[in-house]
Amino acid sequence: RPLEMELVDVLAQVSFKLVELESIRASRFEDGPPAGPKCLRWVDGDMYNLACMVVILCNFATMILELTDKDNTNKFWLVDQIFLGWYVSELVLKVALFQRKFFCGSCSMELVFHYLDLTIVLSGIFDEWVLPALMARGHSITGLHSGHAQHMLPFGINPSSFRALRILRVTRMFRLVKAWKLLFEM
């Protein structure tokens, strides 16, 4: 009998935590569900977000390896292109799902992360694709260091500083902390 009571208690706790988790999920749609097609709602789901977190962690590990040994930069060039392709497709899918709310939703941390993602992806596109294309066309870029253009843009901006912005992608994992905290409190 005590084992049955303990099992009932654990099931009640699990049910309560699932209700809390569902309320967190529902709060993402305070203004109603995303305006985009229903077939893209998986883009805002937990499994896709988990996959994105795994990609971000792998990208972060790759960046650490590149920083520790400059020879790794050339070795990981293709891997960097794959990561950037993932981030571009993720951004396109989320814009397709959220549409105007991606840029103009209610003021929240989610909106801050959307703009952070946009900034990081655009800087990655500029650093990895636009500058090398300009260099290949013979535009005045003064040198190449580890596969990345080295020159100054107007206003003294060094284009290699765009690469450092990708480290900020790790901050995206903080938005799942609340959900994870609920799961681990059980």
Side-chain angles (χ1 to χ4, degrees), residues 21 24-25 28 34 36 39-99 101-103 105 108-136 141 143-153 157-184:
L21 188 58
I24 289 171
R25 285 186 190 133
R28 288 191 291 203
C39 65
L40 287 180
R41 293 231 176 119
W42 58 270
V43 171
D44 196 41
D46 293 335
M47 292 306 291
Y48 185 73
N49 283 325
L50 180 62
C52 291
M53 296 306 127
V54 169
V55 169
I56 290 167
L57 284 174
C58 291
N59 187 202
F60 186 69
T62 302
M63 290 169 65
I64 296 295
L65 289 172
E66 288 177 18
L67 288 173
T68 58
D69 185 6
K70 293 297 180 191
D71 291 336
N72 286 335
T73 302
N74 294 329
K75 292 175 189 173
F76 288 117
W77 180 85
L78 181 60
V79 175
D80 286 340
Q81 304 310 305
I82 292 169
F83 285 133
L84 185 55
W86 172 277
Y87 297 142
V88 168
S89 64
E90 176 190 8
L91 186 66
V92 167
L93 287 169
K94 288 195 175 192
V95 168
L97 176 65
F98 291 104
Q99 297 179 1
K101 288 183 182 180
F102 186 86
F103 299 107
S108 67
M109 282 307 292
E110 193 71 25
L111 187 63
V112 171
F113 282 120
H114 288 175
Y115 277 101
L116 179 66
D117 287 346
L118 179 66
T119 302
I120 293 167
V121 169
L122 289 177
S123 67
I125 289 170
F126 187 77
D127 182 45
E128 293 286 337
W129 296 341
V130 173
L131 283 178
L134 288 174
M135 218 171 79
I141 296 176
L144 189 68
H145 174 67
S146 302
H148 298 283
Q150 296 296 307
H151 78 296
M152 298 304 275
L153 295 173
I157 299 171
N158 186 344
S160 63
S161 62
F162 291 119
R163 191 166 177 79
L165 286 175
R166 291 194 294 168
I167 291 175
L168 293 175
R169 291 197 70 82
V170 176
T171 61
R172 292 184 55 215
M173 289 184 288
F174 295 127
R175 66 181 167 176
L176 294 180
V177 168
K178 192 172 182 180
W180 286 103
K181 184 178 174 185
L182 278 174
L183 290 174
F184 288 115

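From a predicted model like this one, the values you see are computed outputs, not experimental measurements.
No side-chain donor from either of Y87 and D117 sits under 3.5 Å from a side-chain acceptor of the other.
Residues passing the side-chain hydrogen bond (donor to acceptor under 3.5 Å, both in side chains) test with W129, sequence neighbours excluded: Q81. The side chain to side chain contact (heavy atoms under 4.5 Å, CB included) test applied to L40 returns P37, W42, V43, L93, A96, L97, not counting sequence neighbours. Scored by the side-chain hydrogen bond (donor to acceptor under 3.5 Å, both in side chains) test, Q99 finds no partners at all (sequence neighbours excluded).
Taking CG of D127 as the start and CD1 of I120 as the end, the distance is 13.0 Å to the nearest 0.5 Å. With values rounded to the nearest 0.5 angstrom, W86 atom CH2 is found 12.0 Å from I82 atom CD1. Atom CG of L57 sits about 10.5 Å away from atom OG1 of T62, to the nearest 0.5 Å. Distance CE/M53 to CZ/F60: 14.0 Å, rounded to 0.5 Å. Interatomic distance, C52 SG to K94 NZ, rounded to the nearest 0.5 Å: 5.5 Å.
Using modelled atom types, one side-chain atom of H114 and one backbone atom of F102 make a donor-acceptor pair closer than 3.5 Å. Between the side chain of N49 and the main chain of G45, a donor-acceptor pair closer than 3.5 Å is present.
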Take L118 and L122 through the side chain to side chain contact (heavy atoms under 4.5 Å, CB included) test and state the conclusion after the steps.
CA-CA 6 Å; L118 179 66; L122 289 177; 3.8 Å; yes

Check against side chain to side chain contact (heavy atoms under 4.5 Å, CB included), Y48 and E90
CA-CA 10 Å; Y48 185 73; E90 176 190 8; 3.5 Å; yes

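Taking the side chain as every heavy atom from C-beta outward, R41 and P34 approach each other to under 4.5 Å. In this structure, the side chains of L111 and F103 stay at 4.5 Å or more apart for every pair of heavy atoms. Using a 4.5 Å heavy-atom threshold, the side chains of E128 and W77 count as touching.
Residue F83 comes nearest to N59 through the heavy atom pair CD1-ND2, 3.3 Å, listed as atom of the first residue, atom of the second, then distance. Between V88 and V121 the shortest heavy-atom distance is CG2-CG1, 3.8 Å.
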